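Structure, as structure tokens:
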Amino acid sequence: MSQSWPIVFMGTPAAAAVSLERLLEGPDPVVGVVTQPDRPVGRGQKTVPAPVRKIAESHHKPVLTPDRIRDPDFLEALKHWAPRLIVVVAYGRILPRSILDLPPAGCVNVHYSLLPKYRGAAPVPWALLNGEERSGVTTMKLVEKMDAGPILMQEEVPIALDETAASLEAELNSVGARLLSETIRRLKEGSIVAKPQREEEATYAPMLKKVDGQIDWTQSAEIIERRVRAFHLWPSTYSFWNGQLVKVFKAAVVGAEEEAAAGEVVRADRGGLWIATGRGILSLEEVQLENRKRLPVAEFLKGAKIEKGERL
RNA sequence: CGCGGGGUGGAGCAGUCCGGUAGCUCGCAAGGCUCAUAACCUUGAGGUCGGUGGUUCAAAUCCACCCCCCGCAA
């Protein structure tokens, strides 16, 4: 009954690449892909193509990487592709009205939260940081205001007690890819009624900064442990010892009491590496010293002469 | 040419500046103590010190090049 819809995909990071791969399986043709220009990345400032670009090129799809989203030449090229629908997943830029209005079926966005909660750039870490019990994926129609468009479909994902940003994002990637193709299928058959978001319930998940990862030991052990899981992918949770950067990749709240100042080492032996916090004790379980490998704390303690009473 | 750190017995590290018989905390093996133990005591096995070349009477250590790993940055 419904014919196939030519689709243009816009996205950049690995999370978006998962959705793109799913779309490439059909049934609708991906007629073009838009992603951010390659940028110098990593040690030695090598220029590496964005994940979405790699996928697109391996499928021999035309790719555009406009420096400026309002570039007239880019808009012309987009029109030339004549998409019926544009799919946007973590493209990294706000789209102007000229693009939103271009495809007859509009623009669909995939967002990793249960909108209207956690609008913005970093919904995954913020959900973990706040100790949420569930997250999810929402597909919506794009409007000019960020993540505020009417909801098409939504699916919940429970958050485990030991969930990290990495594990949750992986889960949301696969749910998101599936929900996206489901959303397109139902859009084509006209069986979705877009539901406006309840503005009064909106919350925001702003982009993280590097310094957000630095541990404030006066916070409670429980909160710090959440930060470790929330910032697992980026910016990672860190502190300093002897002037050296120490990243914490895994930690646990210890059910014990100890008289010590926040940030003081209260134990560093076979039993583990325990640090006093503003409330409770945090056991560091996987750490990485600057320039060193990431190690289980038992290994770390064999080489590092860290002792009770020192401060982080 | 973005900045910087590191590769030393199975693991994590010290030793490198000021060349000269390889050390620490563990692990492993055997024995001992113990009701017992991840505890303690003895003894032991295990290393061409990332690779190649150079300097030197002598190189983990100095010089050159190469390989691999990592922190910052993005």
Side-chain angles (χ1 to χ4, degrees), chain A residues 10-17 34-57 63 65-69 89-94 120-122 124-125 164-166 169 205-217 224 227-252 254-256 263 265-275 281-312:
Chain A
M10 301 179 73
T12 303
V34 181
T35 190
Q36 300 264 2
D38 301 347
R39 294 216 169 76
V41 151
R43 208 175 285 135
Q45 70 162 50
K46 289 162 297 221
T47 296
V48 178
V52 161
R53 179 179 194 138
K54 281 191 185 164
I55 298 295
E57 287 178 345
V63 177
T65 60
D67 283 318
R68 292 175 303 119
I69 195 76
V89 185
Y91 173 58
R93 294 205 182 150
I94 307 290
V124 170
T164 67
E169 188 168 308
M207 198 179 304
L208 298 172
K209 296 186 292 282
K210 179 64 185 176
V211 292
D212 291 330
Q214 177 156 6
I215 295 176
D216 174 1
W217 292 105
I224 297 172
R227 300 181 78 87
V228 170
R229 289 184 288 114
F231 298 162
H232 197 93
L233 283 175
W234 195 87
S236 85
T237 313
Y238 60 91
S239 190
F240 291 91
W241 171 61
N242 275 351
Q244 287 184 297
L245 183 76
V246 182
K247 288 187 177 180
V248 180
F249 286 97
K250 191 160 187 272
V254 174
V265 176
V266 297
R267 174 174 198 176
D269 56 31
R270 257 173 211 286
L273 179 56
W274 293 9
I275 314 295
I281 291 174
L282 193 69
S283 167
L284 308 188
E285 308 203 322
E286 194 176 1
V287 299
Q288 179 175 29
L289 197 59
E290 177 178 333
N291 296 332
R292 299 288 182 180
K293 284 183 183 163
R294 180 169 159 178
L295 297 172
V297 79
E299 299 299 304
F300 172 76
L301 288 172
K302 283 175 188 168
K305 328 152 259 166
I306 183 168
E307 289 177 8
K308 178 168 176 168
E310 292 191 59
R311 297 289 294 266
L312 287 182

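These numbers were taken from a predicted model, which means no experiment stands behind them. Excluded from the calculations below are hydrogen atoms, water molecules and symmetry mates; all remaining heavy atoms, backbone and side chain alike, are included.
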Candidate nucleotides B:C72, B:G12, B:A74, ranked by approach to the side chain of A:Leu295 - the nearest: B:G12
NZ (A:Lys305) with more than 12 external heavy atoms under 6.0 Å: no
B:G71 and B:C26, which share atom name P, separated by this distance in whole Å: 28 Å
Rounded distance [0.5 Å steps], CZ in A:Phe249 versus CD in A:Gln288: 5.0 Å
Interatomic distance, A:Glu307 CD vs B:U25 C1' [rounded to whole Å]: 12 Å
Distance between C1' atoms of B:A14 and B:G32 (Å, rounded): 31 Å
Side chain of A:Lys210 - closest among B:G12, B:A38, B:A73: B:A73
Between B:G12 (P) and A:Arg294 (CZ): distance, integer Å: 15 Å
C1' gap between B:U34 and B:C41, integer Å: 12 Å
Gap between atoms CD and P, on A:Gln244 and B:G6 respectively (whole Å): 10 Å
Residue matched to B:C72 through Watson-Crick or wobble contacts both under 3.5 angstrom: B:G2
Distance, rounded to the nearest Å, where A:Gln288 contributes CD and B:G12 contributes C1': 14 Å
Closest nucleotide among B:C69, B:A39, B:A74 to the A:Trp234 side chain: B:A74
N or O in side chain of A:Arg292 less than 4.0 angstrom from B:C69 OP1/OP2: no
Side-chain (A:Arg227) to main-chain (A:Asp212) donor-acceptor, under 3.5 angstrom: yes
Pairwise C1' distance for B:A64 and B:A73, with rounding to whole Å: 29 Å
Pairing partner of B:A36 (Watson-Crick or G-U wobble, both distances under 3.5 Å): none
Atom C1', compared across B:G54 and B:G19: separation rounded to whole Å: 15 Å
Between C1' of B:C40 and CZ of A:Arg270, the distance in whole Å: 12 Å
Rounded interatomic separation in angstrom, taking NZ from A:Lys302 and C1' from B:G9: 14 Å
Pair assignment for B:A29, Watson-Crick or G-U wobble, requiring both distances under 3.5 Å: B:U43
Presence of A:Lys247 side-chain N/O under 4.0 Å of B:C72 phosphate oxygens OP1/OP2: yes
Gap in Å between the two P atoms, one belonging to B:U16 and one to B:U61, rounded: 12 Å
A:Asn291, nearest nucleotide to its side chain (from B:C69, B:A74, B:G5): B:G5
Euclidean distance for P, B:G27 against B:A39 (whole angstrom): 6 Å
Assigned partner base of B:U55, Watson-Crick or wobble definition, under 3.5 Å: none
Point-to-point distance, once rounded to the nearest 0.5 Å, from CD of A:Glu290 to CZ of A:Phe240: 8.0 Å
Considering all heavy atoms, the nearest A:Pro235-A:Leu208 contact: CD-CD1, 4.0 Å
Nearest-nucleotide pick for A:Glu299, side chain only, options being B:A11, B:G5, B:A74: B:A11
A:Glu286 with A:Lys250: basic N within carboxylate O range, under 4.0 Å: no
Distance between C1' atoms of B:C28 and B:A45 (Å, rounded): 9 Å
Side chain of A:Leu245 (C-beta onward), nearest among B:A74, B:C72, B:A38: B:C72
Between P of B:C1 and CZ of A:Arg43, the distance in whole Å: 19 Å
Partner nucleotide of B:G23 by Watson-Crick or wobble geometry (both distances under 3.5 Å): B:C13
Short side-chain to backbone donor-acceptor contact, A:Thr12 and A:Tyr91, under 3.5 Å: yes
Below 4.0 Å: OP1/OP2 of B:A73 and any side-chain N or O of A:Arg39: no
Distance in angstrom units between A:Glu290 CD and B:C3 C1', rounded: 12 Å
Partner nucleotide of B:C18 by Watson-Crick or wobble geometry (both distances under 3.5 Å): none
